[in-house]
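Note that the coordinates shown come from a computational prediction; the quantities given were computed from them, not determined experimentally. Each ligand, and each atom within it, is numbered from 1 in the order the structure gives. Along the sequence shown, the residues carry numbers beginning at 1.
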Amino acid sequence: MKVRVRFAPSPTGFLHIGGARTALFNWLYARHTGGAFILRIEDTDTARNTGPAVEVILNGLRWLGLDWDEGPLTSDPAGPSKGERGPYFQSQRRAIYQRHVERLLARGLAYEDDGAIKFRMTREPVEIEDLIVGRVRRELTDREAQDPDFILVRSDGQPVFHLVNVVDDLEMGITHVIRGEDHLSNTAKHLALFRALGAEPPRYAHIPLILNPDGSKMSKRDVGASLTTYMEEAYLPEALVNYLVLLGWSPKEDRELFTVAELIERFDLSRVQRHNARFDLTKLQWMNGEYLRALPPERFDALALQTLRRAGLDPDRFPPAYVRAALDTCRGKLRTLTELPAYGGFYFTGVTGYDAGAAAKHFTPENRPRLQRLRDALTRVESFDAAALEACLKTTAAELGVKPAVLVHPVRLACTGRSSGPSLYHLMEVLGRKETLARLDAALQTIPASAGSPASP
Ligand code: GLU
């Protein structure tokens with residue numbers, strides 16, 4: 001039997017990281033088994049059904065690369081989502097729900113009560129065979145023991161979640177319902193409805209929740225909860241996919257970095273973990289850094305330029321070879337692209353100020369003549385490349401009887417305004433002799449000649 005799974009979000013205007021992971025697990029399972037991945041927007045709660053809220057979900061899935069199958073053709077075949085199908089909207093499927101309700105009514109499995117339609121729920125405990133959670137026996141709560149029946153259609157004609165969720169899973173031939181564990185408590189109702197509709201229920205697989213680092217449940221307001229944040233902060237989608245899949249699934253291999261193709265090959269429900277997963281932003285950032293490092297240079301450069309422009313820098317003023325060389329010294333040093341403007345912005349802005357703490361420490365009267373000496377030595381370096389610059393700095397330090405670090409720190413500060421950044425010799429090479437000397441001269445101007453008195457012009 002061909003696997004058919006679905007992601008069934010409600011359009012709340014927000015795609016939670018847990019929802020994104022649910023979508024990913026469904027997608028991977030479909031791709032792994034050669035099945036179908038269906039996208040269904042659960043928008044019967046019409047008050048919340050807005051176009052932009054749906055777009056947030058679609059854009060998030062597109063960004064992650066989770067393409068969905070089937071569904072009606074989209075209205076704009078030439079638009080950005082050209083040729084894309086679906087999704088299904090529950091708000092457009094009222095007639096289908098109505099038909100099933102009438103069948104239940106006709107067979108006495110549902111009844112009218114105060115204008116609403118209620119389901120005649122089983123009075124027996126329900127056994128759930130969950131693919132992840134295992135066997136769960138759902139006893140009736142005290143309240144349910146009194147009256148386990150529940151509403152299918154409200155008195156205003158609005159079908160409720162349990163009904164539309166089950167009818168659609170039935171109509172769409174869903175074979176596996178992979179969803180968050182918060183829905184385990186609904187599953188007894190869903191199984192009973194399936195049986196009442198005369199259908200074999202799908203297999204259920206409830207995946208553990210994503211918790212905050214402190215173990216509390218991750219809500220909408222928590223840091224990192226919204227997928228949009230990662231899109232805005234220019235994370236790499238492939239890094240987020242890799243990170244998310246490990247939140248609750250384990251490949252049982254001694255490594256953590258997997259391409260999407262490798263994930264598709266390996267993903268299976270049997271290795272979804274039972275326990276809740278804790279969200280760890282530091283690990284995600286590390287992983288993103290690994291993916292940044294491994295990017296082909298052209299893609300890294302394109303993303304880096306976008307990030308710099310967005311930060312208000314103007315890298316396009318500079319010769320392409322300069323930009324490429326500058327970005328080359330940053331690649332592999334960043335965890336996220338948003339770190340780039342602070343890390344390598346000095347290539348494109350000049351030095352706009354000196355880190356105050358570092359200046360107090362390194363722009364000292366004793367260092368002034370040392371820096372001056374290095375400046376003069378730099379005018380004589382034949383080829384202004386990293387190896388020659390390193391040799392020049394080390395020789396000068398030896399002549400001065402100081403450790404290289406005594407020069408390295410003030411020179412870095414002079415060239416970049418900061419106390420950390422790309423490899424010093426490489427960044428000087430990229431800046432070139434003229435610019436490096438100009439930056440050293442500008443710094444020398446600000447260094448006091450002797451304790452207390454500012455440099456004479
Ligand atoms: N609309 C439900 C949700 O967003 C779907 C639950 C399910 O996957 O069955 O939680």
Hey, are W27 and D67 close enough side-chain-wise for a donor-acceptor pair under 3.5 Å?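 Yes - a donor-acceptor pair under 3.5 Å links their side chains.
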Consider only side-chain N and O atoms of Q158 and R94, and report whether a donor and an acceptor are under 3.5 Å apart.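 Indeed, the side chains of Q158 and R94 share at least one donor-acceptor pair under 3.5 Å.
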Taking only heavy atoms of [X] into account, list the atoms of ligand 1 that are under 4.0 Å away from them.
X	result
N165	6 (C), 7 (C), 9 (O)
E42	1 (N), 2 (C), 5 (C)
H183	2 (C), 3 (C), 6 (C), 10 (O)

Could you find the nearest protein heavy atom to atom 5 (C) of ligand 1 and give me its residue, atom name and distance?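 Result: A8 O, 3.1 Å.
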Give me the nearest non-hydrogen protein atom to atom 8 (O) of ligand 1 as residue plus atom name, then the distance to 0.1 Å.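 That would be R6 NH1, 2.7 Å.
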Would you say Q146 has more than 12 foreign heavy atoms packed within less than 6.0 Å of its CD?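 12 or below, so no.
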For D142, does the CG atom sit with more than 12 other heavy atoms under 6.0 Å from it, leaving out its own atoms?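 Incorrect, the count does not exceed 12.
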Please say which of T187, N26, T22 ends up in a side-chain hydrogen bond (donor to acceptor under 3.5 Å, both in side chains) with R179.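 When side-chain hydrogen bond (donor to acceptor under 3.5 Å, both in side chains) is applied between R179 and each of T187, N26, T22, only T187 qualifies.
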